[in-house]
Structures are given as structure tokens and as C-alpha cells.
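Worksheet for the structure shown next.
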2 protein chains.
Amino acid sequence: MAREAGLSKTTVSAALNGTGRLSPAVRERARETARRMGYRPNATARQLRAGRARLIGYVVGEFAGEPWTYLDSPYFARLTSATAAAALRHGYALVMLPAGTLQREWADLPLEAVIVADPVEDDPLVEDFLAARIPVFSDASVADRPGAHWVDVDTEAAVRDSLDHLRERGARRTALVLPDSTTRFHRQVHAAYRAWCARRGAEELVTLVPAPGNGPVVRSVEEALGAEPRPDGLFVVAEASPPLVLDAARRRGLSVPGDLRVVCVSEDSSAAHADPPVTTLSLRPVEVAEAGVSLLVSALEDGGSTPPGVLLSARLRVRASS
Amino acid sequence: MAREAGLSKTTVSAALNGTGRLSPAVRERARETARRMGYRPNATARQLRAGRARLIGYVVGEFAGEPWTYLDSPYFARLTSATAAAALRHGYALVMLPAGTLQREWADLPLEAVIVADPVEDDPLVEDFLAARIPVFSDASVADRPGAHWVDVDTEAAVRDSLDHLRERGARRTALVLPDSTTRFHRQVHAAYRAWCARRGAEELVTLVPAPGNGPVVRSVEEALGAEPRPDGLFVVAEASPPLVLDAARRRGLSVPGDLRVVCVSEDSSAAHADPPVTTLSLRPVEVAEAGVSLLVSALEDGGSTPPGVLLSARLRVRASS
DNA sequence: CTGAAAGCGCTAACAG
DNA sequence: CTGTTAGCGCTTTCAG
């Protein structure tokens, strides 16, 4: 198209990129010709020239192999779209790598970094990326690994606040419903719950949910509420639809918040519209996404002076269920 | 690293790609050196050479400007991850383009095609992509546009089946709760409902939901159920948590399915666990995703003989609420 | 102010 | 069986 416009490649490039010092007339001629011919610069060639592709991988690692969680989780849905939006604002595009993605499936992508949401313990994906010298951004379980950065919420404090809150509202026996997973967050919740119980001299009432999804979680909630003597507080950390948690309590003959105070870890907006509205602990996916992308951009572009990680606070949104 | 191995670039390339006819010894030496040095071929250079990047854009267009819907919608969450997984199986990677993405944000990406989920009427994004000669895969609203392919569900049949089902179960006055949007699907539902009512001589009872999200939908449901005489059938096409729809009926003093038969268009797994379980009409996001990716791959790789579009059936999952 | 030439890292012809 | 060479489409010195 340079030929078509009667100019050289150089001049056209300068005209289209707004660089160099060209006469307005020439610049306009190049632009006009480009428009007329529907010319668009080849993105791959520009990337090669620039030495960077501005592409970031995005993996959800939790329950790797089971696509379930991600599909049904408002947390991951929000995290994903907030990450994509934040990345794009910084000039990076996000490529989706479903859990279970193999090395040969991403090896052909010019990834500058990869975000691994909620890796499992010693996640092989994280190892693979680090071995390929691709910087990894994940949660605090990767702290101290060279090439890895992290963003995390202060789980310890969040659990303590939630349990203290339930206690203030009169709960003396708070049951915990937790996924049976090796995600750092879940392990930390378990540890923090036990520590809190020890400190308060409270009995530990833990029900592990064997699989993700509303069905298993609801069954586990019912199981937890069947303990004798009855729990009068319920802390549901496994993602489930809050109205269904209330239904389970109702089936057990417990009124909320009279007999049972309920807090759910959830981003599900149905919590606010349930009857009664359900108190939630938000893991703040949008803030996590934005902090993660900021960290990533500064590590990739500014270089060395970037902190290795960022710690955010979870947020307890108190509603009528407690 | 060719020098390091004492070989030429060509030989190394052939060794690593398994092409050419090299002695096993040489091949192994190249591989070993690559491993030792942590060498990985530059993906961008390969893409440039190959003339294709195997990257596909993915946009959600509904309620462009309002990120809400996508965040809270199990339909889009499933569609998104199923699309990403299907694409990867075919060797393509999906890059996320949030609704509202500007031309200059995707112009630098070497996209071979773009998937636009649920575009609004005359979606400007679709126009931009077609103008840039990037093939568009979307719903049937783009049919007949050159360069555009589509996958859609048979809305007409789905609405008819749902309304017939409600009628069989005894509903004589079925109210429709529909988002106030210009998505093709929503317009078609509206038209099909009116046609059905005309055919059956039934009164049209339509409530338009002004905004996405559980709150507005639940309010609209309550409004719909407040009509006199009371509806005895409810068809909720706006995405909402099914248990919340039941709550709304309960607040209106209606028992389900005794006084009111309920069908929700939803992918939310909480429907199956609600009390009573809620009949849903599934738009089959996973099947749509897979059909769309198959179509895309065959259009991109096989060339001309690809059909312009694919029509799938929705699926009614009958449960106790009707 | 504009054009020719080099080179980003790779692979596919083609010579040796 | 292996190595040299050209070129993918672009940007950027550097001469003219």
C-alpha cells in the first residue's frame, strides 16, 4: 500500500503512527490511502519488532480437572472479568487458559506473564510457567518463589472478624462449612477457625464439602446443622447460593437469625435479596484483580523496585441473617 | 543457542520441531542443549512466519457499558469457559475483550476471528470487526452479513414449548418477565410470546425489567404477580436466582406450583436445589460454545463450504415448580 | 523532509 | 544429512 500511495514504507509507517516529522499533506495522503484500502498493520509483525506481545495468560487452578467451580462461581466470574478489564486498561490482553491446560497448549502463545487464580498446593502449572521463565502472579502460596508475585486477602483477620461478629450476635456454637480443597485460602480458613476456637475455648464444628457446587454444599450445611447440640452460628465458606443455605436452615427447623446466625463467603448478589438478606464476607475479587494487574504492570515495566506482594482486607457486609 | 550446541539454526529448528530427517544423535543433542539453556522458541516470530496467530477475540456485548450482566450471569460464565476450552482444544486461544472495548484496544492484537456473544441491535463492535475484515461469529442477528457466521437457539420453538408446558400444567394466565434489552434473543422471546397469546386467545401479561441483576428482576416479578386477576403461570426470561423468584411468589402469598407454575430461563444450578426445584429453560451455553467454535474452525481452516449458521434447540428441564 | 537498508526470531527452500 | 539464505511485515537508525 506504500506503493499505492506513492510513498515508501517508512513514510507510511511514520504517518500512521504519528511519529517522525512529515508534512501534513503527506501524512494525510497515507492515512487516506490506508482507509481506502482497508489497510491494517500486521499486529504480529509489530509485536515481533517491539519484542513484546502484551499478552497475559489467565488460569483458574482451583479444583483443576473439575471445570465446575469456575462455572458456577460468582467469585471467579467477577475476578475474571475484572482482571480482563483492568489488563486492557493497561494495554494488555488476557488469554483464557482453562484449568488443566497443557504446556503444549500455551507454549505457542507469546505470554509475557501469567495470572494463576487460586492455585492448588504445589500447582504444576505454576512450576511449568516459572520453569519457562514466565513471571507468575498468584496468591501468597507462591511467595518467595523467584519470578512469582502475589496478591492475597488477609484470611486470618477475615475469619477472626466473622467469628467475632457471629459471637457478638449471640452465637456460641458456630459451625464451619468448608470445601475439601488444598487451595491456600481454604487451608488458611481452617487454621484460623481452629485457632479462634482454641482461643475462645469453643468446640470445633467443621464439615468438609467433598465437591464444588450447590448440591454438595447444601447437603453439607444440613449435615452441619444436624449436630447435637444444635449450632447457633453458621459460617459457610464453600460457595453456594445464599438463599439455598437459608432453605437448608428452614428445613432443619431453625429460624434465621433467631435460632441461627449465618455468614456466607460469597459474591453472589442474591445474598442481598434473600429473605432475610444474608451477611456475606466478600473476598473482593474486583480489588484483587486490580491490585494484581497493577502489580503485574509495574513488575513488567518498571522493573526491580516492585513489592513481591500485596495484602488486601476482606469485607464483611452485615445483613439481617446475623 | 545453535552456536552453543555447535549446530546451525536450521538444524536446531528441525530437531525441536521434529521435522526434516536428522540423525537421532544430533536431534537429541539439540534438545538437550535447549533444555539445559532453558531455551524456548519465540512464539511471536513463529506466528509471523506462520502467517497466523491462532488468537480469537471474545466479546460479550449485552448491555454494553454495563458490566453487570456478565458478572452475575451463570449463562455467560458457562459460555465463556466452554468457549475457551473448546477453542483451546482446536489449537486456538481466546482473548477476553470486555464489553465496551475500543478499537484501539484490540487493533494491536493479531486476531483471526472474533466471537461476539449476544450483540445488541446493530452492535458497533460487530461493524468495526467486519470493517477490519475480521470474521465475526455471533448469533443469528448477524446472518446475511458477509464475513459473519452465527449460532443460535430456536427461540420461537423454545418459547412455544415453555408456554405450552405451563398451559398443560394448568396455567391459564402466564405472565412474562423480560429484560428491556435489544438483544436478538429478548426481542424474539417477546415476539414469540405475543404470537402464542394471539393463537391461544390469551391476555398478554408482560413486565419489562429495566436493568440486569437480581434486585430489578425480583422487583419486576413481584410487580408481575400483583396483576389482577392473578397470573397462575410465570415465565421469567430475565436472569435471576431461581430461589429468589420463589421467594417473591411466597411474599405474594402464592404457593408453587399450586397457585403458580414457574419456568425460569436460567443456567443457575441453584434451580435444581430450590424448594420446590424450579423448571428451567436452558439456552445450552456449552453446546452453543462448542458449535460456535466448530463453525469457526471449519470456516477458518476448511474455507468456503462452511454453513453460514447453526441452529440449536433449547432444553426445558421440567421440575416440581411446574 | 523522505527513502533505502537492516534486523526482530523463526522456518522452508535450496545448495552443498 | 546439514548449513546457508531469504523473507514473513514491521519500525528505526541513518543517508540522501
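Letters go in sequence order (proteins before strands), and every chain restarts at 1.
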Protein-nucleotides 14-16 of chain D N/O pairs closer than 3.5 Å?
none

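Closest to the B:K9 side chain, of the nucleotides D:dC10, C:dC10, C:dT2, is C:dC10. Listed candidates were C:dG3, C:dA13, D:dT11. Nearest to the side chain of A:T10 is C:dG3.
Atom CZ of B:R52 and atom P of D:dG9 are 15 Å apart (whole Å). Atom CG of A:N17 is separated from atom P of D:dT13 by 13 Å (rounded to the nearest Å). Following rounding to the nearest Å, A:M37 (CE) and D:dG9 (P) show an atom-to-atom distance of 13 Å. Protein atom CG of B:L16 is 16 Å distant from nucleotide atom C1' of C:dA12, rounded to whole Å.
You'll find the side chain of B:R184 reaches within 4.5 Å of the side chain of B:D152, heavy atoms only. Within the 4.5 Å cutoff, the side chain of A:V286 has no heavy atoms near those of the A:V288 side chain. A:V26 is listed as a side-chain neighbour of A:S23, based on a closest heavy-atom distance under 4.5 Å. At a threshold of 4.5 Å between non-hydrogen side-chain atoms, the residues B:V293 and B:H90 count as touching. A heavy-atom distance below 4.5 Å is found between the side chains of B:D108 and A:R46. The shortest side-chain heavy-atom distance between A:Q47 and A:R52 does not fall under the 4.5 Å cut-off.
At C:dC10, one or more side-chain N or O atoms of B:Y39 fall inside 4.0 Å of OP1 or OP2 (strictly under the cut-off). A close approach under 4.0 Å does occur between a side-chain nitrogen or oxygen of B:T11 and OP1 or OP2 of D:dG3.
Summary of helix geometry: the two end axes of the helix from C:dC1-D:dG16 to C:dG16-D:dC1, each defined by five base pairs via their C1' atoms, are inclined to each other by 50° (rounded to 10°).
Within residues 41-49 of chain A, the residues that have a heavy atom under 4.0 Å from DNA chain D are, in order of number, A:P41, A:N42, A:A45, A:R46, A:R49.
Here the closest heavy-atom approach between residue B:Y75 and residue B:E239 is recorded as CB-OE2, 2.9 Å. Residues A:F129 and A:L111 come closest through the heavy atom pair CE2-CD1, 4.4 Å.
Donor-acceptor pairing under 3.5 Å is recorded for the side chains of B:T11 and B:S8.
Separation of atoms CG (A:L283) and CG (A:L312) is listed at 10.0 Å; rounding is to 0.5 Å.
A 6.0 Å sphere centred on CZ of B:R133 holds no more than 12 heavy atoms belonging to other residues, nucleotides or ligands.
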